[in-house]
Amino acid sequence: MKNILKKVTALLGAAAMTASLIACGGQDAAQDSGTQEQSAGTADSGESQAAQAPDDVITLTVWNTEVLTPGIQNNDVARAIEEKLGIKLDIVQGDSQKFSILLAGGDLPDIIYTNPAQQGVEANALITSGQLIPLDDLIEEYGENLKQNAVNRLEYSKQYLSNGEGKTYFIPVLEYNKDEENPDISYTIENVGLMTRWDVYAAVGYPEIETTDDYLNALSQMQDYARENDLAEGKQIYAISGWSDWGLWPWWLANVREMGYTDLLNGAIMNQETKEVDLNYATDVFWESLKFYNKAYNMGILDPEAFTMKNDQFWEKCNNGQVLMAYASWQTDSMNKTMAANGHPEWGFEKIPYSGYPYVSGVISGDAPLGNGADYATAITTNCEYPEKAMQLIDFCNSEEGARLIYSGVEGVHWQEQDGKAVPTDSYLEMIKTDPNYTSNTGITLYNKLCGLKETQVLSDETPANVLKSNEQKAANILEIDQAYCDYYNELRGGEYLYPGMVLNDMREKGEIQTFTDYNMFTTLVQSPSDETLNILAQCDQYMNVQGVKCVMAKDDAEFEALREEAMQELEAKGFLKAREEIVANYEAAKEEASRFELQ
């Protein structure tokens with residue numbers, strides 16, 4: 001234990017100060033998993049640390065921040081995994097502080113995934129802590145699906161996620177290979193973007209929007225209407241709200257996406273047109289995003305509680321009808337279903353094609369042959385008593401059978417085969433309409449960060465891993481609010497749109513809106529920065545989490561600009577420019593690497 005502590009003390013300086021930022025979604029909570037303390041030790045990749053009879057059911061602890069019910073999992077999907085593999089899942093949940101404590105104490109769960117933004121720890125730092133085992137021998141013996149379905153991901157992991165050792169420590173997840181002739185059209189958008197309460201936007205007459213000021217003015221009209229008509233039944237309504245436990249996430253990420261930028265690791269962002277990379281605090285688009293919310297604050301349409309409340313409180317307000325703008329489809333897909341189940345099927349968020357920004361992100365799915373790269377890559381720790389069983393679980397989750405279970409549930413209960421294709425059962429469709437929590441309660445999609453494939457990946461039966469994601473099912477199971485959105489644009493444009501994403505895709509194909517689908521391999525191949533740079537960035541983030549909120553709350557333009565100048569001076573004093581130079585150089589080097597890395 002003392003040796004482990006020595007190895008991790010340096011890297012935890014950064015981790016302790018990093019805010020818990022989640023870029024792909026899910027609600028974060030620091031809850032005690034109730035699991036027993038794991039004994040620290042070492043495990044060779046091909047040898048079990050304890051004898052085990054083949055038919056024994058064992059328990060594996062698994063790190064996951066998005067499962068809101070930690071501990072032993074007792075749902076349909078978890079029970080199917082137990083029946084198939086003889087493995088009980090024991091979820092350990094928490095924030096960056098809890099992960100840091102577990103890492104420092106040598107008490108990491110059996111299986112973890114890496115997420116530097118959320119955990120404040122890079123993949124290479126986890127390797128050098130001495131708490132991960134190399135997986136090569138385990139893959140050779142137990143990884144038939146990995147060897148077949150994850151060739152590129154495994155090679156990438158050896159070259160770029162091994163701290164230069166050339167071994168496999170991590171299994172990247174969420175691979176997606178698109179069909180050029182039949183692109184996957186998102187139900188609304190895929191992932192992050194500004195989403196607007198469509199019913200209230202319609203009620204105020206669909207005001208025309210060409211600039212971000214127009215959008216803010218429309219939101220102001222919507223707030224007035226919602227308050228005058230008491231849509232939240234006595235609760236206070238604001239057009240815009242947010243949360244504080246993900247740092248500055250609400251105040252810049254969706255906006256820069258809609259300005260044509262993609263967020264990368266270590267606070268970097270990439271211009272999708274030029275492929276230039278810079279740290280977000282050094283870019284005009286970051287400050288333009290803060291300025292957008294500063295204007296909203298001074299217009300009285302930004303909830304002052306947004307700076308202190310937690311993410312789950314934001315969700316609650318949205319579900320109650322108290323908020324008129326959200327930040328991602330993975331929020332609003334759930335919120336729309338919840339509002340419908342709570343007696344308001346006419347309420348809901350949609351993507352207005354023109355919100356004053358030039359881009360709409362995620363209209364169709366883009367290629368991801370290396371999955372999410374270093375984000376959410378799966379690893380087995382030295383605490384794992386049954387590494388062979390852990391690898392069997394990981395391999396299963398990288399099979400078509402495992403992907404279908406994770407995203408669609410149990411065959412015969414949630415889906416069935418019909419004319420050679422997988423389709424949802426009638427009972428499943430009925431339950432998800434009446435119970436917005438049905439999928440999470442049954443475990444469906446709950447363990448997606450273990451899965452090698454994205455839910456939209458078409459499997460060998462010509463159906464997506466998530467049977468609800470086929471174009472036929474999207475059209476067949478449209479919500480009332482989504483139908484209202486389609487009806488409006490069908491009449492306005494003379495189209496035949498069956499679900500909201502078809503509206504946006506038609507606009508994309510006709511060049512009326514911009515989106516980005518290019519696969520930029522170099523962003524996945526970038527090397528981890530030095531410990532010194534990570535510490536600098538952690539200090540800068542800690543500072544900006546406070547200073548950024550001050551900017552949003554600035555009383556006028558003059559104060560905003562003064563705070564921006566003050567921020568840049570303070571960042572420079574903390575070594576920001578030095579860190580920026582290293583990060584940018586790393587991405588430039590990755591561009592060269594990308595020209596040499598060949599996908600198979």
Side-chain angles (χ1 to χ4, degrees), residues 23-24 116-117 156 160 176 178 180 183 189-194 210-212 248-249 251-292 353-370 372-375 504 507-529 533 537 540 544 564 568 571-572 576-597 599:
C24 56
Y156 158 73
Y160 300 98
Y176 178 77
K178 68 180 180 181
E180 294 285 357
I189 62 171
E190 185 181 59
N191 214 321
V192 177
L194 301 178
E210 294 183 354
T211 67
T212 54
L248 293 180
W249 197 101
W251 313 127
W252 72 278
L253 191 66
N255 299 68
V256 301
R257 289 268 186 102
E258 298 200 350
M259 285 188 263
Y261 287 74
T262 297
D263 45 293
L264 307 173
L265 295 175
N266 304 123
I269 59 175
M270 179 189 69
N271 184 313
Q272 283 284 354
E273 290 187 4
T274 67
K275 311 305 180 188
E276 293 180 356
V277 175
D278 204 345
L279 290 187
N280 54 353
Y281 303 145
T283 65
D284 288 337
V285 292
F286 171 80
W287 293 98
E288 288 172 20
S289 300
L290 294 189
K291 186 61 180 175
F292 174 89
Y354 311 106
S355 57
Y357 291 118
Y359 284 83
V360 178
S361 67
V363 177
I364 61 175
S365 294
D367 255 348
L370 302 180
N372 273 36
D375 267 349
L504 299 172
M507 293 179 175
R508 177 191 70 86
E509 291 180 336
K510 294 176 179 177
E512 298 171 22
I513 61 173
Q514 298 182 69
T515 190
F516 38 84
T517 60
D518 293 345
Y519 176 62
N520 300 288
M521 183 184 292
F522 80 92
T523 63
T524 308
L525 304 184
V526 67
Q527 294 288 350
S528 298
T533 288
L537 293 177
C540 291
M544 283 301 299
R564 175 179 178 176
M568 296 313 298
L571 289 173
E572 184 174 350
F576 177 75
L577 296 181
K578 182 178 181 180
R580 178 190 182 193
E581 182 179 358
E582 180 181 339
I583 295 293
V584 172
N586 284 354
Y587 277 101
E588 289 302 313
K591 291 178 182 178
E592 294 294 324
E593 287 287 333
S595 66
R596 295 188 290 270
F597 187 89
L599 294 172

Stepwise, does the side chain to side chain contact (heavy atoms under 4.5 Å, CB included) test hold for V526 with I583? CA-CA 9 Å; V526 67; I583 295 293; over 6 Å; no
Which is it for M544 and F286 under the side chain to side chain contact (heavy atoms under 4.5 Å, CB included) test, yes or no, and what are the steps along the way? CA-CA 12 Å; M544 283 301 299; F286 171 80; 3.9 Å; yes
Ignoring hydrogens, what is the shortest heavy-atom contact between A282 and M568? Give both atom names and the distance. CA-CE, 4.5 Å
Heavy-atom pair of closest approach, residues R257 and S361: CB-OG, 4.3 Å
Find the distance between OG1 (T523) and CG (L525) and round it off to the nearest 0.5 Å. 7.5 Å
Could you check whether any side-chain heavy atom of L265 comes within less than 4.5 Å of a side-chain heavy atom of D375, counting everything from C-beta outward? yes
Does the side chain to side chain contact (heavy atoms under 4.5 Å, CB included) test come out yes or no for W249 and V192, once each step is laid out? CA-CA 11 Å; W249 197 101; V192 177; 4.2 Å; yes
What closest approach, in Å, do G260 and F516 show between heavy atoms, and which atom pair accounts for it? CA-CE2, 4.1 Å
Point-to-point distance, once rounded to the nearest 0.5 Å, from CH2 of W252 to CZ of F292: 16.0 Å
Assess whether salt bridge (charged side-chain N to carboxylate O under 4.0 Å, His left out) is satisfied between R596 and E593, documenting all intermediate values. CA-CA 5 Å; R596 295 188 290 270; E593 287 287 333; 3.0 Å; yes
Shortest non-hydrogen contact from L504 to I513? O-CD1, 3.4 Å
Can you measure from OH (Y354) to OG1 (T211) and round to the nearest 0.5 angstrom? 14.5 Å
To the nearest 0.5 angstrom, please state how far the OH atom of Y261 sits from the OG atom of S289. 10.5 Å
What are the two closest non-hydrogen atoms of Y519 and D367, and how far apart are they? CD1-O, 3.3 Å
If you round to the nearest 0.5 Å, how far is CE of M521 from CG of L370? 5.5 Å
Under the side chain to side chain contact (heavy atoms under 4.5 Å, CB included) rule, what do T262 and L264 come out as? Steps first, then yes or no, please. CA-CA 6 Å; T262 297; L264 307 173; 4.2 Å; yes
With a 4.5 Å limit on heavy-atom distance, are the side chains of P353 and E512 in contact? no
Short question: side chain of N280, backbone of I269 - any donor-acceptor pair under 3.5 Å? no
Donor-acceptor contact below 3.5 Å, side chain K275 vs main chain K591: no
Any side-chain donor paired with an acceptor under 3.5 Å for Q272 and Y359? no
Do any N or O atoms from the side chain of Y156 and from the backbone of T524 form a donor-acceptor pair under 3.5 angstrom? yes
Return yes if some donor-acceptor pair links the side-chain N/O of E582 with the main-chain N/O of T533 below 3.5 Å, else return no. no
With distance as the sole test, does T515 use its side chain to make a donor-acceptor pair with the main-chain N or O of V360 at under 3.5 Å? yes
Looking at G193 and E258, what are the two nearest heavy atoms and their distance? CA-OE2, 3.4 Å
Is N271 reaching over with its side chain to a backbone N or O of T274, donor-acceptor style, under 3.5 angstrom? yes
A side-chain contact here means heavy atoms from C-beta on lying under 4.5 Å apart; do L279 and L537 qualify? yes
Plane angle bin for F576 and Y281 - parallel if under 30°, tilted between 30 and 60°, otherwise perpendicular: tilted
Give the C-alpha distance, both sets of side-chain angles, the deciding distance and a yes or no for salt bridge (charged side-chain N to carboxylate O under 4.0 Å, His left out) between K578 and E581. CA-CA 5 Å; K578 182 178 181 180; E581 182 179 358; over 6 Å; no
Kindly compute the distance separating CE (M270) from CZ (F522), expressed to the nearest 0.5 Å. 5.0 Å
Does D284 pair with R564 as a salt bridge, N-O distance under 4.0 Å? yes
Minimum side-chain heavy-atom gap T212-E288 below 4.5 Å: no
